[in-house]
*Asks:* 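I'd like to ask you about the structure that follows.
The basis for the numbers below is simple: all heavy atoms, side chains too, and nothing from hydrogens, waters or symmetry mates.
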Amino acid sequence: MVEPVIALETAGAPTAAPEQGTQATVPPSTDGAEVPSQSPNTQTTVGPTVGPVTPAAAEKAIIVVTANQGPPKGDPIAVVNEVSFGAVQSVDKAIIAPIAYGYRDGLPAPIRDGLHNVLNNLDEPIVFLNFLLQLKIGKAAETVGRFAINSTIGVAGLFDFAKKHPINLPRRSNGLADTLGYYGVGPGPYLFLPVFGSTTVRDLLGRVVDLSLLPATVGKPFTNPIVSGTKGVLSSIDDRVENDVILTRVQESGNPYAAMREYYLMKRRAEIDVLKGKRSDANIDLNELEFLDSLPAPTNETPKQPPASKPQ
């Protein structure tokens with residue numbers, strides 16, 4: 001970011017301007033000294049642009065400051081990301097959202113819940129491995145227990161018996177990006193990519209490794225592109241339905257791109273903080289977000305199911 005530079009320029013004696021920066025007109029002091037008259041030759045320079053200083057501006061003691069703003073902190077390629085965000089939002093509005101709503105409204109809730117449970121169950125080996133890497137042996141053992149129970153009496157994960165009384169083994173999400181964050185690896189630059197959506201360099205790397213785990217360790221049928229592709233599509237639709245409330249509010253905000261970026265980064269910090277024992281859950285209060293003033297007030301319509309948290 002270029003710091004603004006304020007310079008006083010009067011007729012016939014302009015103050016030298018720095019090679020780069022921003023200059024603004026400052027009228028002479030009004031403490032009794034005579035105000036020099038303005039002449040048509042008086043100029044103010046803002047970057048490379050040159051224009052006359054109006055007498056009205058000097059009389060009203062107006063200070064005009066213009067600063068060259070760089071990209072937001074943590075988002076060095078914001079211009080590219082915003083283009084990607086806009087394209088993805090257009091596709092979401094035209095294709096993905098209608099499919100997700102059709103999936104949500106067209107399938108009976110028990111079937112949707114069953115598919116959701118199957119997708120979660122397939123991710124349990126990833127969760128187990130990362131709890132081991134984080135040296136959380138107890139949670140790793142609980143994950144193995146969940147996987148064994150739901151894969152057998154839960155009919156390949158269709159039913160999440162493990163979370164119910166008297167077993168009480170809750171579902172926990174985990175991945176390589178969480179492990180890296182747990183050990184202090186920063187997120188790196190924010191990215192918004194087709195398919196992946198909001199992410200960071202750390203999270204993108206972790207997700208790619210996570211997605212390759214089942215094909216690499218289990219083999220068939222997960223090495224079959226049809227099987228892996230079907231799982232990916234179902235996971236995307238399921239995530240779209242689960243997060244519909246926050247996605248809708250963000251899309252209707254005054255600055256959807258900035259709103260999405262802030263929410264994602266805050267959510268990921270919360271999830272890492274849960275792993276580190278700094279907070280009990282990763283739920284985000286929208287009142288904590290700076291973009292809240294640009295978000296519309298919640299409607300009186302029947303609320304959709306809120307996005308699932310990531311308990312650890």
*Asks:* State, with a plain yes or no, whether a side-chain heavy atom of Ser84 is found less than 4.5 Å away from one of Glu82.
*Replies:* no
*Asks:* Would you find a donor on one side and an acceptor on the other, under 3.5 Å apart, between the side chain of Thr199 and the backbone of Phe196?
*Replies:* no
*Asks:* Under 4.0 Å between a Lys/Arg side-chain N and an Asp/Glu carboxylate O for Asp123 and Lys231?
*Replies:* yes
*Asks:* Give me the atom names and distance for the closest heavy-atom approach of Val250 to Ala259.
*Replies:* CG1-CB, 3.9 Å
*Asks:* Do Asp178 and Gln134 have side-chain atoms, one donor and one acceptor, less than 3.5 Å apart?
*Replies:* no
*Asks:* Which heavy-atom pair separates Ile284 from Ala270 by the least distance, and what is that distance?
*Replies:* CD1-CB, 3.9 Å
*Asks:* Evaluate the side-chain proximity of Ile272 to Lys278: yes if any heavy-atom separation is below 4.5 Å, no if none is.
*Replies:* no
*Asks:* Taking the basic N atoms (NZ, or NE/NH1/NH2) and the acidic carboxylate oxygens, is any pair closer than 4.0 Å for Arg268 and Glu271?
*Replies:* yes
*Asks:* Within a strict 4.5 Å, meaning less than it, do heavy atoms of the Lys136 and Leu275 side chains meet?
*Replies:* yes
*Asks:* With hydrophobic residues grouped by side-chain heavy-atom distances under 4.5 Å, do Ile237 and Ile95 end up in a single group?
*Replies:* yes
*Asks:* Would you mind listing the cluster partners of Ile167? Hydrophobic ones only (ILVMFWY), side-chain contacts under 4.5 Å, chaining allowed.
*Replies:* Val118, Leu122, Ile149, Ile153, Val155, Leu158, Phe159, Phe161, Leu169, Leu214, Val218, Phe222, Val227
*Asks:* Just wondering, do Phe147 and Glu142 contact through their side chains at under 4.5 Å, heavy atoms?
*Replies:* no
*Asks:* Following the transitive rule for hydrophobic clusters with a side-chain heavy-atom cut-off under 4.5 Å over Ile, Leu, Val, Met, Phe, Trp and Tyr, establish whether Tyr263 and Leu265 coincide in one cluster.
*Replies:* yes
*Asks:* Report whether Val185 and Tyr182 are members of the same hydrophobic cluster (ILVMFWY, side-chain heavy atoms less than 4.5 Å apart, transitive linking).
*Replies:* no
*Asks:* Within the 4.5 Å heavy-atom criterion, are Lys139 and Asn174 side-chain neighbours or not?
*Replies:* no
*Asks:* Kindly indicate whether the side chain of Ile77, heavy atoms from C-beta on, has any atom under 4.5 Å from the side chain of Leu191.
*Replies:* yes
*Asks:* Might you confirm whether atom NZ of Lys93 has over 12 heavy atoms from other residues, nucleotides or ligands at distances under 6.0 Å?
*Replies:* no
*Asks:* Mind listing the closest non-hydrogen atom pair of Arg202 and Gly181 along with its distance?
*Replies:* NH1-CA, 3.7 Å
*Asks:* Taking Arg112 for the side chain and Leu107 for the main chain, is one N or O donor matched with an acceptor at less than 3.5 Å?
*Replies:* yes
*Asks:* When rounded to the nearest 0.5 angstrom, what is the spacing between CG in Leu213 and CD1 in Ile126?
*Replies:* 5.5 Å
*Asks:* Ignoring hydrogens and geometry, is there a side-chain-to-backbone donor-acceptor pair from Thr143 to Phe128 under 3.5 Å?
*Replies:* no
*Asks:* Just jot down the side-chain hydrogen bond (donor to acceptor under 3.5 Å, both in side chains) partners of Asp238, sequence neighbours excluded, or say none.
*Replies:* His116
*Asks:* Does the side chain of Asp244 come under 3.5 Å of the side chain of Tyr101 through a donor N or O and an acceptor N or O?
*Replies:* yes
*Asks:* Counting N and O atoms only, with roles assigned by atom type, does the side chain of Arg240 sit under 3.5 Å from a partner on the main chain of Ala97, one being a donor and the other an acceptor?
*Replies:* no
*Asks:* Might you point out which heavy atoms bring Ser228 and Pro225 nearest each other, and give the distance in Å?
*Replies:* OG-O, 3.2 Å
*Asks:* Ignoring hydrogens, what is the shortest heavy-atom contact between Ser198 and Met260? Give both atom names and the distance.
*Replies:* OG-CG, 3.2 Å
*Asks:* Does the side chain of Val80 reach to within under 4.5 Å of the side chain of Phe85, using non-hydrogen atoms?
*Replies:* no
*Asks:* Scan for side-chain hydrogen bond (donor to acceptor under 3.5 Å, both in side chains) pairs involving residues 145-166, sequence neighbours excluded, and state none if there are none.
*Replies:* Asn121-Ser151, Glu124-Arg146, Arg146-Asp160, Asn150-Asp160
*Asks:* State, to 0.1 Å, how close Asp75 and Tyr190 come at their nearest heavy-atom pair, and which atoms those are.
*Replies:* OD1-O, 3.8 Å
*Asks:* Would you give the length of the straight line joining atom OG of Ser173 to atom CG of Asn120, rounded to the nearest 0.5 angstrom?
*Replies:* 6.5 Å
*Asks:* Is the side chain of Asp92 donor-acceptor paired with the backbone N or O of Val88 at a distance under 3.5 Å, no angle test?
*Replies:* no
*Asks:* Would you say the side-chain atoms of Asp203 and Tyr264 include a donor-acceptor pair closer than 3.5 Å?
*Replies:* yes
*Asks:* Are Leu176 and Leu129 close enough that some pair of their side-chain heavy atoms sits under 4.5 Å apart?
*Replies:* no
